[in-house]
Amino acid sequence: MKIGIAAVQGAFLEHENMLEKLGIEYIELRQKADLSKGYDGLILPGGESTVQGKLLKELDMFDTIKAQIESDLPVLATCAGMILLAENLSNDDKRYFQSIPMTVKRNAYGRQLGSFHTTAPFQGIGEIPMTFIRAPYIESADPEVQVLAAVNGKKVAVRYKKQIALAFHPELDTDMRIYEGFLKLVRNGSYKFTAST
Ligand code: GLN
């Protein structure tokens, strides 16, 4: 199993460290040629969604990644990555992969609460640490989008088909369980985030 990590901008090294701890092979996706190297899952890291979207288009990587996501490549997206997957953004005119039918608000916690750490229950896993950095949250989602976690009534983690989108940064904490769940999804083609898994 090999994971491709979008590495044009943002916190991709932290995801690489997590995969190294788990002994999982990965490749950095930095240019179009990397997209045909073959990988079984994709990580879209946090960072700045506008910069990432722009660079992916300028590097001619955007359409290929969009097609890979649409053909059901498993995806783990954190923060800016979640913004890239959203069908709609409530406070930005830009749109990117639009592969999850949800509306996301960028920088949703305002200035004072821009960054914070908390713990909250995650569907099928239990209480996990969550680090938010100028984070988005999900304002609304279609009924077929599974909500995996909420903090203060705001949806912060969802799953749709083989895409997992998180408003927070599991790569900045030491809890590996979200990665383990994602890797099961990659390995088995399916994984249910429910109490019985
Ligand atoms: N605020 C960033 C954006 O809008 C996301 C922040 C992050 O990825 N930590 O893209």
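Source: prediction; values computed, not measured. Start at 1 and go down the list; that is how both ligands and their atoms are numbered.
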(message) Hydrophobic cluster membership, with links at side-chain heavy-atom distances under 4.5 Å among I/L/V/M/F/W/Y: are Phe97 and Leu59 in one?
(response) yes
(request) With sequence neighbours excluded, tell me which residues meet side-chain contact (heavy atoms from CB on, under 4.5 Å) with Arg30. (result) Ala7, Phe12, Glu28, Asp34
(request) Just say parallel, tilted or perpendicular for the rings of Phe122 and Phe168, cut-offs at 30° and 60°. (result) perpendicular
(request) Determine whether Phe182 and Ile65 fall in the same hydrophobic cluster, where Ile, Leu, Val, Met, Phe, Trp and Tyr are linked whenever their side-chain heavy atoms lie under 4.5 Å apart. (result) no
(message) Less than 4.0 angstrom from a charged side-chain N to a carboxylate O is my criterion; do Glu48 and Arg134 meet it?
(response) yes
(request) Anything with a heavy atom under 4.0 Å from ligand 1 counts, so go ahead and list those protein residues by chain and number. (result) Gly46, Gly47, Glu48, Ser49, Cys79, Ala80, Ile83, Arg106, Asn107, Ile133, Arg134, His169
(message) If I take atom CG from residue Leu55 and atom OG1 from residue Thr50, how far apart are they, to the nearest 0.5 angstrom?
(response) 9.5 Å
